[in-house]
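Protein chains get the first letters and strands the later ones, always in sequence-line order, with residue 1 at the start of each. Just so it is clear, the values below take in all heavy atoms, side chains as well, and ignore hydrogens, waters and symmetry mates. Fair warning: this is a prediction, and the values are worked out from it, not measured in the lab.
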Amino acid sequence: MDIFDLEDPVCSVPSTEDARPIRQEPPFLADLNPEQREAVQTTKGPLLVLSGAGTGKTRVLTTRIAYLLAAGLAHPWQILAVTFTNKASREMKERLEHMVGPEAFSVWLGTFHAIGMRILKKFTAECGLSPHFIVLGSDDQERLIKQIMQDNGIDTKKYTPGILLDIIQRWKDRGLIPTAVTDAENTNFCDGKALGFYQIYQNRLKELNAVDFGDLLLKPLELFKAYPDILKLYQNQFHYILVDEYQDTNVAQYMLLRLLAKGHNNICCVGDDDQSIYSWRGADVDNILNFGSVFPEARIIRLERNYRSTAHILGAASALIAHNEGRLGKTLKVADDINNSGDLVRVEGFWNGQQEAEKIIERIEGNQRAGTPLTHMAILVRASFQTRAFEEELIRYGIPYKIIGGFKFYEREEIRDAVAYLRLVLNTTDDLALTRIINKPRRGIGDGALKALETAAREKHLSLFDAIDWAELRPSVRKTITAFANLIRDWQEARQELEPAQLLERILKESGYLMMWQTDKSADAEGRVENLKELQNVLSDFDSLQEFIEYAALVTESDEQSTEEQLTVMTLHASKGLEFDHVYLPGWEEGLFPHQRALDENGHVGLEEERRLAYVGITRARQQVMISYAANRRIYGTWQNSLPSRFIDELPQEHIDNQTNRRMGWAVQQDINNSFSWKSHSVSPQRGLPFNKPGAKTSRRVGKRVYHEMFGYGTVIKEEGERLEIHFDEHGMKKILARFVEAVSP
DNA sequence: GCCGTCTGGGTTTTT
DNA sequence: CCCAGACGGC
């Protein structure tokens with residue numbers, strides 16, 4: 001939030017003043033290793049710092065900024081430093097403040113989106129917006145898309161709004177406004193209507209005086225295209241540009257950076273191609289892979305000294321990632337001061353997911369008793385459904401835990417609703433806010449009434465709120481709606497004299513919204529009331545409502561950093577950038593990890609991203625890693641059996657300790673390919689059903705009668721790649737790998 | 001307009 | 001299995 005209240009040097013400071021000579025070497029350089037130091041002191045021209053896991057990338061970035069300031073190479077506001085998460089930018093700001101003092105706050109340091117917002121706010125009119133435009137959250141976006149689809153007679157069950165939203169966002173990620181999308185790039189989604197809907201969506205945003213996250217980057221891009229003189233201002237201002245997590249940038253971000261860097265050409269990007277795990281969100285690894293060709297004069301510095309993990313952990317991780325092609329290549333080395341190669345990476349197979357969870361929690365409890373705090377251990381899963389089994393065990397053992405990766409604070413229903421009330425009070429033309437809460441709590445204003453409002457609004461070109469007076473409404477409905485409108489007006493008046501937090505309190509009370517949850521009997525209602533209280537706390541830090549609304553739109557995480565002693569369970573994706581003494585990596589099975597969908601949809605490229613995810617997981621650990629897999633897993637009610645992940649085969653023997661218990665009925669054996677297979681289950685390939693060729697449209701296996709060693713006879717109902725859904729005569733529906741069953745005559 | 005029943009679909013999710 | 005969203009009866 002703080003970057004918004006700063007005085008904005010663009011247009012006001014003719015920053016031609018430059019470089020005071022450096023006096024003496026600042027003390028903070030002494031702590032760096034030679035490569036880090038080089039990365040900090042190579043200030044001229046484009047620089048790519050390939051920074052492996054645990055090699056001190058954040059330290060390099062912050063020190064570099066401090067160095068630029070201390071050396072007198074730039075004023076704070078001439079430095080632009082971009083990160084991906086609010087957390088990263090907050091941390092960087094704190095560390096920088098620690099090093100250089102309050103000057104830190106004048107550096108342009110923030111997320112891409114916050115920086116985009118800052119530019120947008122400065123040139124609102126040029127971007128085709130009115131002041132106080134809204135930033136849509138993802139739920140707003142989806143509702144809007146859905147509405148557009150329905151208005152155009154699309155069956156939103158057949159074509160889900162989510163997919164269309166995704167398509168549009170991928171276009172935005174690539175810096176494409178609707179007119180820039182060529183027909184060839186249009187998808188066949190909805191008979192090729194996606195592009196048209198994109199245009200309509202943008203029009204609707206404009207009517208609503210709103211932007212979405214993608215627009216926070218797209219609009220500045222368009223602004224710079226249309227107004228070269230404005231671009232010039234920024235180009236002149238930013239003497240130095242620094243980018244964190246460069247492997248995760250999308251094309252729009254790349255284009256923005258490229259434009260801004262044209263002024264002084266001092267751009268320093270820090271990243272690790274091996275940790276690129278967000279391609280499905282539009283991140284483009286090519287940005288980092290092509291850095292050298294885009295900036296031919298670029299220097300590339302590799303940071304390979306790892307200060308985090310033991311030699312075995314690094315050995316296992318490095319060997320695994322070496323299976324990927326198309327890397328820039330870098331080998332992590334144990335930093336000099338760690339001599340001990342540590343424990344081997346433990347690999348263990350279990351009979352089922354429940355046993356896996358039980359054994360892991362047992363170990364964690366043992367570690368805890370031996371003195372490792374829970375906060376230094378983590379369970380990292382591929383898919384969020386996996387957290388469930390662990391949650392049950394953790395409750396059973398009475399171990400405090402937190403699960404990360406659920407809904408973010410500001411994305412929770414009750415928070416979005418409360419914010420919608422505030423938005424509407426701030427600005428009654430915010431139709432999306434109005435439709436969200438007009439019948440929440442239930443006021444008897446349903447679809448019919450809303451339709452009438454919409455009709456009137458469209459005719460008179462008014463907002464829904466202002467259309468109330470014109471809409472054709474039944475008297476009883478008119479009464480309730482008018483009462484609602486009067487409430488809003490009351491709060492608008494109250495806003496003049498109340499602090500934002502007090503205003504929210506009043507709104508929640510008088511609207512009946514708080515009461516709605518207080519009287520709700522469902523299990524999570526209590527938590528929602530708590531969250532609403534927490535929101536009031538957050539709000540008390542703000543002086544103006546406007547400021548808060550902007551903050552809430554860009555910051556999706558809650559700031560609650562509990563220092564409580566608890567175990568973290570989270571997805572691999574969420575773990576990037578973190579580190580723990582002990583890391584548990586369950587669920588390393590074909591189909592789950594690598595995930596079947598990643599393979600089906602993106603083939604080899606998808607597999608490599610999965611492998612990078614595995615690499616991220618292993619490299620989170622300082623001292624111990626345990627990788628596990630289960631032969632059977634209950635997924636959505638049906639039992640599925642699976643093979644150990646190919647990633648396990650890719651781990652080098654000298655770094656792993658396979659603890660799979662051979663005394664259990666299903667002992668593991670090595671087969672010719674040096675891969676594991678389940679002895680009691682394995683069916684020789686020639687007995688298995690034939691595989692469909694990839695891309696084959698129709699299944700040759702659906703409807704066939706099959707035999708399975710455990711479940712007996714059954715019929716194939718559905719085919720998903722290698723996995724068959726089979727209805728067994730005596731055991732019901734199961735999902736089974738094709739190789740475990742044999743075809744029989746009906 | 002509300003509320004119950006049914007159906008389908010369920011990777012990952014920095015802003 | 002478990003949740004969200006659609007649909008139909010009151």
Side-chain angles (χ1 to χ4, degrees), chain A residues 82-90 110-117 135-138 141 146 150 155-158 160-162 165-166 169 172-173 211-217 244-245 247-250 252-253 275-283 380-386 388-389 404-408 410-411 413 439 442-451 474 476-477 480 522 524 551-557 570-578 587 591-602 606 609-610 612-613 616-617 633-639 718 720 733:
Chain A
V82 268
T83 63
F84 269 83
T85 62
N86 289 299
K87 191 166 157 234
S89 87
R90 195 188 325 121
T111 63
F112 274 101
H113 294 86
I115 300 286
M117 180 73 173
V135 182
L136 263 52
S138 46
Q141 291 183 63
K146 190 172 175 186
Q150 285 172 341
D155 177 2
T156 50
K157 222 165 174 179
K158 197 168 161 204
T160 65
L165 179 57
D166 223 50
Q169 267 166 339
K172 291 193 173 189
D173 289 336
V211 296
D212 64 15
F213 282 124
D215 286 340
L216 290 174
L217 305 171
D244 192 16
E245 306 274 21
Q247 76 282 352
D248 288 333
T249 48
N250 61 35
Q253 287 159 338
Q275 292 188 66
S276 161
I277 54 173
Y278 283 109
S279 73
W280 51 275
R281 281 199 101 187
L380 310 180
V381 299
R382 175 63 184 88
S384 43
F385 78 82
Q386 290 174 265
R388 205 184 185 87
I404 299 181
F407 264 92
K408 301 270 187 290
Y410 286 97
E411 285 167 11
E413 183 186 349
N439 201 30
R442 298 253 129 93
R443 298 186 173 91
I445 304 168
D447 287 347
L450 216 52
K451 277 263 146 53
R474 290 210 319 271
S476 63
V477 177
T480 39
S522 62
D524 51 357
Y551 172 79
L554 291 188
V555 177
T556 54
E557 60 192 1
M570 65 177 139
T571 61
L572 286 158
H573 282 91
S575 77
K576 196 169 64 147
L578 304 177
L592 177 56
F593 193 32
H595 201 280
Q596 193 58 46
R597 225 168 124 172
L599 302 180
D600 291 347
E601 287 170 16
N602 295 303
E609 184 149 316
E610 295 287 295
R612 290 194 290 268
L613 201 49
V616 167
R633 200 173 279 285
R634 204 164 64 169
I635 298 179
Y636 311 131
T638 55
W639 281 95
K718 210 166 132 192
E720 300 166 349
M733 290 292 286

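- Note on A:Gly448: only backbone sugar-phosphate atoms sit closer than 4.0 angstrom, heavy atoms only; bases stay farther off.
- Distances shown here put a side-chain N or O of A:Asn86 below 4.0 Å from the OP1 or OP2 atom of B:dT15.
- For A:Thr571, a side-chain nitrogen or oxygen approaches OP1 or OP2 of B:dT13 to under 4.0 Å.
- With rounding to the nearest 0.5 Å, the separation of CD in A:Glu609 from CG in A:Leu599 is 12.0 Å.
- Distance, A:Trp280 CH2 to B:dT11 P: 12 Å, rounded to whole Å.
- Between the P atom of B:dT12 and the CG atom of A:Asp166 lies a distance of 14 Å, rounded to the nearest Å.
- Looking only at side-chain heavy atoms (C-beta outward), A:Leu217 and A:His113 come within less than 4.5 Å of each other.
- The backbone N or O of A:Gly214 sits nowhere less than 3.5 Å from a side-chain atom of A:Gln169 that would complete a donor-acceptor pair.
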Would you list the protein and nucleotides 2-4 of chain B atom pairs, both N or O, that sit under 3.5 Å from each other?
from	atom 1	to	atom 2	distance (Å)
B:dC2	OP2	A:Asn439	ND2	3.3
B:dC3	OP2	A:Arg442	NH1	3.4

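- As rounded to whole Å, 15 Å separates atom C1' of B:dT14 from atom CD1 of A:Ile115.
- Annotation: the span from A:Leu554 atom CG to A:Asn86 atom CG amounts to 7.5 Å, rounded to 0.5 Å.
- Across all strands, A:Lys146 comes closer than 4.0 Å only to sugar-phosphate atoms, never to a base (heavy-atom distances).
- The base of B:dT14 does not come close enough to the side chain of A:Arg281 for any donor and acceptor atom to sit less than 3.5 Å apart.
- Counting to the nearest Å, the P atom of B:dT15 and the CD atom of A:Glu411 are 9 Å from each other.
- Using a 4.0 Å heavy-atom criterion, one finds that A:Tyr278 contacts the bases of the nucleic acid, with or without backbone contacts as well.
- The side-chain heavy atoms of A:Ile277 and A:Lys576, taken from C-beta on, include a pair separated by under 4.5 Å.
- For DNA chain C, the span of nucleotides reached by chain A at under 4.0 Å from its heavy atoms goes, 5' to 3', from C:dC1 to C:dA6.
- Within 4.0 Å (heavy atoms only), A:Glu610 reaches at least one base atom of the nucleic acid.
- Using a 4.5 Å heavy-atom threshold, the side chains of A:Arg388 and A:Gln386 count as separate.
- If you take OG1 on A:Thr111 and CZ on A:Arg90, they are separated by 11.5 Å, rounding to the nearest 0.5 Å.
- For B:dT15, the OP1/OP2 oxygens have no side-chain nitrogen or oxygen of A:Thr85 closer than 4.0 Å.
- If you check every strand for non-hydrogen atoms under 4.0 Å, A:Ala598 touches a base.
- Side-chain atoms of A:Gln141 never come within 3.5 Å of backbone atoms of A:Asp212 as a donor-acceptor pair (strictly under, hydrogens ignored).
- A heavy-atom distance below 4.5 Å is found between the side chains of A:Met570 and A:Leu380.
- By the ring-ring contact (aromatic ring centres under 6.0 Å, His included) test, A:His573 is found to be paired with A:Tyr278, A:Trp280, residues two or more places apart in sequence or in another chain being considered.
- By the 4.5 Å heavy-atom criterion applied to side chains, A:Val616 and A:Leu572 are not counted as neighbours.
- Following rounding to the nearest Å, A:Arg382 (CZ) and B:dG10 (C1') show an atom-to-atom distance of 14 Å.
- Along DNA chain B, the nucleotide nearest to A:Glu609 and the one nearest to A:Asp447 differ in position, and the one closer to the 5' end is contacted by A:Asp447.
- You'll find that the side chain of A:Arg597 is closest to B:dT11, out of B:dT13, B:dT11, B:dT15.
- The CD atom of A:Glu245 sits 12 Å away from the P atom of B:dT15 (whole-angstrom rounding).
- Where A:His595 and A:Lys576 meet DNA chain B, the nucleotide closest to each residue was compared, and A:His595 sits on the side nearer the 5' end.
- Rounded to whole Å, atom P of B:dT13 lies 10 Å from atom CG of A:Leu613.
- For A:Thr111, taking side-chain heavy atoms from C-beta onward, the closest of the listed nucleotides B:dT14, B:dT15, B:dT13 is B:dT15.
- With rounding to whole Å, A:Asp600 atom CG is found 13 Å from B:dG10 atom P.
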